[in-house]
Protein chains: 2
Amino acid sequence: MNAPAIQIDKSAGLPVYLQLAERIRLLVREGELKIGDPMPTVRGLAVELGINANTVARVYRELQAEGLLRLERGVGTFVAEGAGAPMKRADLRAIERAADRIIDLAQGAGMNAFELSQFIETRWKEVRRVKR
Amino acid sequence: MNAPAIQIDKSAGLPVYLQLAERIRLLVREGELKIGDPMPTVRGLAVELGINANTVARVYRELQAEGLLRLERGVGTFVAEGAGAPMKRADLRAIERAADRIIDLAQGAGMNAFELSQFIETRWKEVRRVKR
DNA sequence: ATTATTGTATTAGCATACTAGTACATTAAA
DNA sequence: TTTAATGTACTAGTATGCTAATACAATAAT
């Protein structure tokens, strides 16, 4: 499990570079990518995903600016020290369980993945002001 | 509540026409828009959302092709007869409750709306093969 | 010193997702 | 018949999100 599978959906409507950046952020937050872990090569990942190397480079640079990655020319790209602690396993598990539950409900109601995620984004923005 | 608020996020990365189409599909599925209800005018909605009338027209035409809307030139646009029954209120409520729960968990873990929705989309695709 | 591998940079070009403007066609109401 | 409101159609232009190609620069291994 040295290199977790990074995958994107080129036909998803959402720009590839946003998907890729978000996927990497999530892998770090989940703890699948730990501080110091090597990232795939710019060229290598580009080939693997079937996208352009510049697109990968752009994402890496953006994540470096966020302090999530550390780019070393001639050496490689690594998860940066400033990448913040990953979620607690218990929290992650709880979110996974909650996700499975709502996915189950949504499927039962005839929704698809896109509809559900849109629904949740909308609801998030609506609920934010409640602030419990 | 004749016309439920339709809102989009122009800075969300996701193309406006996809957001708009999805938002309308959801309103119909939730039962907020019922069969026969009038939709906002092409021009009116365009102005309201700050987008081009052609973009709205495109979305309406697409939803008509799906059988969700009925466009009558010179008259207006309406929710079509073939729009299918809305979700049961109980199902909708269950999904809303599940959404509130996972939003709460995600916020607690430091995620944002976009991260959560991406997480759920990814998990949906992963879990699909389990097929319970 | 040489070579292979890495990230960096630049330029050109293309398809998509629009914006903007205008004209037209159909319907209902006056 | 006229008018106002609706959806339809077309053309032109722009910004974004890429693809493609190429060259350069730093590092590590030889």
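Chain letters run A, B, ... following the sequence lines, proteins first and then strands; every chain starts at 1.
- Between the CG atom of B/L105 and the CD atom of B/Q107 there is a distance of 10.0 Å, given to the nearest 0.5 Å.
- Between the CG atom of A/L20 and the C1' atom of D/dC18 there is a distance of 13 Å, rounded to whole Å.
- Taking CD of B/E72 as the start and CD of B/Q64 as the end, the distance is 10.0 Å to the nearest 0.5 Å.
- In this structure, the separation between CD1 on A/I6 and CE on A/M39 is 4.5 Å, given to the nearest 0.5 Å.
- Without hydrogens or angle criteria, B/D100 side chain to B/R97 main chain gives no donor-acceptor distance under 3.5 Å.
- One atom, OH of B/Y17, and another, C1' of D/dT16, lie 14 Å apart when rounded to the nearest Å.
- Ion pairing between a basic and an acidic side chain is recognised when a charged N comes within 4.0 Å of a carboxylate O; B/R25 and A/E115 show no such pairing.
- In this structure, B/R70 atom CZ and D/dT6 atom C1' are separated by 14 Å, rounded to whole Å.
- For B/R58 and D/dG7, the CZ to P distance is 18 Å, given to the nearest whole Å.
- Here the C1' atom of nucleotide D/dT6 and the CG atom of B/L45 are 14 Å apart, to the nearest Å.
- The shortest heavy-atom contact between B/K34 and B/V79 is O-CB, 3.3 Å.
- Put simply, CG on B/N52 is 19 Å from P on C/dT16, counting in whole angstrom units.
- Between B/Q19 atom CD and C/dA17 atom P the separation is 13 Å, expressed in whole Å.
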Nucleotide by nucleotide, nucleotides 3-15 of chain C touches protein heavy atoms under 4.0 Å in the pattern (B base, S sugar-phosphate only, - none) --BBBBBB-----

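- Straight-line distance from the CD1 atom of A/I51 to the P atom of D/dT16: 20 Å, rounded to whole Å.
- For the pair B/T55 and C/dT19, the criterion of a side-chain N or O lying under 4.0 Å from OP1 or OP2 is met.
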